[in-house]
2 protein chains.
Amino acid sequence: MSRILSRLPVTPPTLADVAERAGVSRQTVSNAVNNPELLRDDTLQRVQEAIAELGYLPNRAARNLRTRSSHLVGLPIKAVEEGTANAQMDRFVHSLVEASSAVGYHVLLFTGAQTGDPEDDLPGYDDLLRSTAVDAFVVTDTYLGNPQADWLNDRRAPFVAFGRPWNDPDARHPWVDVDGAAGTELATTHLIDKGHERIAWIGWRKDSLLGEERRAGWSRTMRARGLSTTGLASRVEDTVASGREASGVLLDEAHPSAFVCASDTLAMGVLHTLAERGLRAGPDVAVTGFDDSQVAQVVPPGLTSVRQPLEEVAVEVVKALANLLGPPSGDTRGVLLTPTLVVRGSS
Amino acid sequence: MSRILSRLPVTPPTLADVAERAGVSRQTVSNAVNNPELLRDDTLQRVQEAIAELGYLPNRAARNLRTRSSHLVGLPIKAVEEGTANAQMDRFVHSLVEASSAVGYHVLLFTGAQTGDPEDDLPGYDDLLRSTAVDAFVVTDTYLGNPQADWLNDRRAPFVAFGRPWNDPDARHPWVDVDGAAGTELATTHLIDKGHERIAWIGWRKDSLLGEERRAGWSRTMRARGLSTTGLASRVEDTVASGREASGVLLDEAHPSAFVCASDTLAMGVLHTLAERGLRAGPDVAVTGFDDSQVAQVVPPGLTSVRQPLEEVAVEVVKALANLLGPPSGDTRGVLLTPTLVVRGSS
DNA sequence: TGACACGGTTTGAACGATCCATTGAACGAT
DNA sequence: ATCGTTCAATGGATCGTTCAAACCGTGTCA
């Protein structure tokens, strides 16, 4: 019969065990854990001693059942894209986990239907919510046309977005985002200060509002400093190959001395072109990227890049979550954070 | 037969609701969900219709309470290291989440005490387990001296390791790992086939058994092909700077025509040296890395690298988990997978 | 004819916590 | 001595599910 060993040596102590040991009722122990201010000092201490002696920990499942909440937030993770250098997600996830645990929440990962169409993921959200597997979501990809935000809003599902609600300026969900234009402005100003005057832009296609915002930071800074932008902008796909190609054309036709890119991926494409033409990144042609990915950190001679304050973003996201799930204090709908510039050899 | 998506505010239907609608008892509905083979065909169908009509989903918390299991596996994530190019964890995590959900499990992230000392993380594991927050763990860092595995083993905590139990060859926990020596053998063979004879090794300090294993793949292949290894090996820290320095020294003293590195990080260091000396990676000096990180994919001219089958690893880990938590079928203690070589411009 | 086995279904009792209404004691004011 | 108020602590009901045992009609065999 004892062939099957119990996984844990003994069954963990319950509220009732602690209550008996401390000579109080279950409810009092519960209060000692959740509302200590309700107890008299001496009883509180007695209960806490009993808790410590028995090594009591509340059973999550029982608590979840009774309170109808799981203290879990769901984070959908999308497929890993091969070419693009967006490994920065790591940083965000790590901070999110840490910040969440500080307010008693854990992060649950899940994937969608894997069909590529975000539409197909939506039932997955619903199931998690209705089965009380998670209390809320954190969504990270609110590009234009992504149905997630709208869908979750319709269903009154609690969630916080990393990314502005581009398609619906007065959406009612809380969000946190990074000011992209401020980032490219930093990069452009930096290059101008270094003496560059013909500074090119390589960004994404026009339907990306995120891309257009970053572009605006470059163009407004150029204008403000009295520099021309005509013929200096290119809009392509977010791949190394596109960046390589676009920079080649720009070098031939517009002779820029520096490139500001909408992503590290595109900037890597520029580095490819420079390497092919025997030009040195930095001394000959300056390049800046966006994201401060690991690639930017290790590629020779180091890629100057705009760094998003992902740790801060995570903290703000968790604040919004706490506000959403706990007692609402203020209702700050959106938070916009400012990035910084990490200068390396490429500029 | 349209799927009913109820708004969140209304309480979701319960087992009892379904039972009433189908004209059966609660337990019968429960069986329809968990042990359909126990029901007569017509009853099963009736119940399934009721489930579909109401859009019923079992309440996770209640199920967890009753079955004393959470259907969650805990995955500790460590701090993001800045310099090193090991963002490959993404790939593993993604596959793990996917493979887990296929067998009804979700992945819960958590961080340790953030003190840097892994010793301090251990209570965190214990708490999660005892509060029935997770059923098991997946640990990923079983380097020599890491107390996790031993500690979990002592406590009979169910877990699967990605990484061999280096310090205890007959540890009793299941593990999955990648054959590092086979990987460097692939790289070395590839270089030899390309005509290289003086092939240098840059790896980690001797106390890393993982590093020694990778080194063995290089040295045994060299020996097997009748090539000398004397003076061609260097053991340093896993940083870009160390790789840069070590490759400089080797180039001066041993004149290798190719480098096999224990990591992409070290290989990037070699690329730095080559760039500084005006040497082209590939035509002039060949370089191979290990991990097939995103850096390897985007750095010009592309870094040849050993790619770990992380997707397969995840699948095997989940298999082991299922075996551990469900009815044990076989008891395969360890699984060793073989990596592949991704050839790019650097070789 | 009675005992027994069987597949399919039902019933009551957990699982371990919190919510809610209530009790008991303490205390100052009448 | 009585009353009202407040503060601490209690006991029972409850969350939604699964477990264990009981039930019931039918068929089989001694």
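Here is the naming used below: chain letters follow the sequence lines, and residue numbers restart at 1 for every chain.
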What is the distance from CD of E37(A) to C1' of dC7(D), rounded to the nearest Å? 13 Å
Does R21(A) use its side chain to pair, donor to acceptor, with the backbone of E53(A) at less than 3.5 Å? no
Taking atom P of dG11(D) as reference, at what distance in whole Å does atom CG of N31(A) sit? 14 Å
Taking only residues two or more places apart in sequence, or in another chain, which ones meet N153(B) in a side-chain hydrogen bond (donor to acceptor under 3.5 Å, both in side chains)? H173(B)
Short side-chain donor-acceptor distance under 3.5 Å, D41(B) and Q45(B): no
Using atom types as modelled and distance alone, determine if a side-chain donor or acceptor of S95(B) lies under 3.5 Å from a backbone N or O of R91(B). yes
N64(B) side chain to S70(B) side chain, donor-acceptor N/O pair below 3.5 angstrom: no
Terminal contacting nucleotides, 5' and 3', DNA chain C versus chain B (heavy atom, 4.0 Å): dG8(C) to dG16(C)
Nucleotide dA8(D), atom C1' - distance to CG of L38(A) in whole Å: 9 Å
Parallel, tilted or perpendicular: which fits the ring planes of F92(A) and F162(A), with parallel below 30° and perpendicular above 60°? tilted
S30(B) side chain: which of dT18(D), dC15(D), dA9(D) is closest? dT18(D)
Should V134(B) and V73(B) be marked as a side chain to side chain contact (heavy atoms under 4.5 Å, CB included) after you check the CA-CA gap, both sets of side-chain angles, and the distance that decides it? CA-CA 5 Å; V134(B) 304; V73(B) 297; 6.0 Å; no
Within residues 48-55 of chain A, which residues have any heavy atom lying less than 4.0 Å from an atom of DNA chain D? none
Expressed as a whole number of angstroms, how long is the span from R68(B):CZ to dG16(D):P? 20 Å
When all nucleic acid strands are considered with a 4.0 Å heavy-atom cut-off, which category describes T14(B): base, sugar-phosphate, or nothing? sugar-phosphate
For L324(A), the side chain to side chain contact (heavy atoms under 4.5 Å, CB included) test, sequence neighbours excluded, returns P158(A), V160(A), P174(A)
Modelled atom types, side-chain donor and acceptor of N34(A) and R63(A), under 3.5 Å: yes
For the pair S131(B) (side chain) and D127(B) (backbone), establish whether a donor and an acceptor sit closer than 3.5 Å, ignoring hydrogens and angles. yes
Touch check for N34(B), heavy atoms < 4.0 angstrom, all strands: base, sugar-phosphate only, or nothing? sugar-phosphate
What's touching nucleotides 19-27 of chain D from the protein side, N or O pairs under 3.5 Å?
{"residue": "dC19(D)", "atom": "N4", "partner": "Q27(B)", "partner atom": "OE1", "Å": "2.4"}

Is there a donor-acceptor pair under 3.5 Å between the side chain of R46(A) and the backbone N or O of A22(A)? yes
Starting at atom CG of D41(A), determine the distance to atom P of dA8(D), rounded to an integer number of angstrom. 9 Å
In whole angstrom, what separates D17(B)'s CG from dG16(D)'s P? 9 Å
Heavy-atom donor-acceptor pair, D135(A) side chain to H71(A) backbone, under 3.5 Å: yes
Just wondering, do F110(B) and L128(B) contact through their side chains at under 4.5 Å, heavy atoms? yes
Considering non-hydrogen atoms only, spot the tightest contact between P13(A) and L54(A) and give its length. CG-O, 3.4 Å
Under 3.5 Å for both distances, Watson-Crick or G-U wobble, that's the pair rule; now give the dot-bracket for DNA chain C, with | marking pairs to another strand and [ ] for crossing ones. ||||||||||||||||||||||||||||||
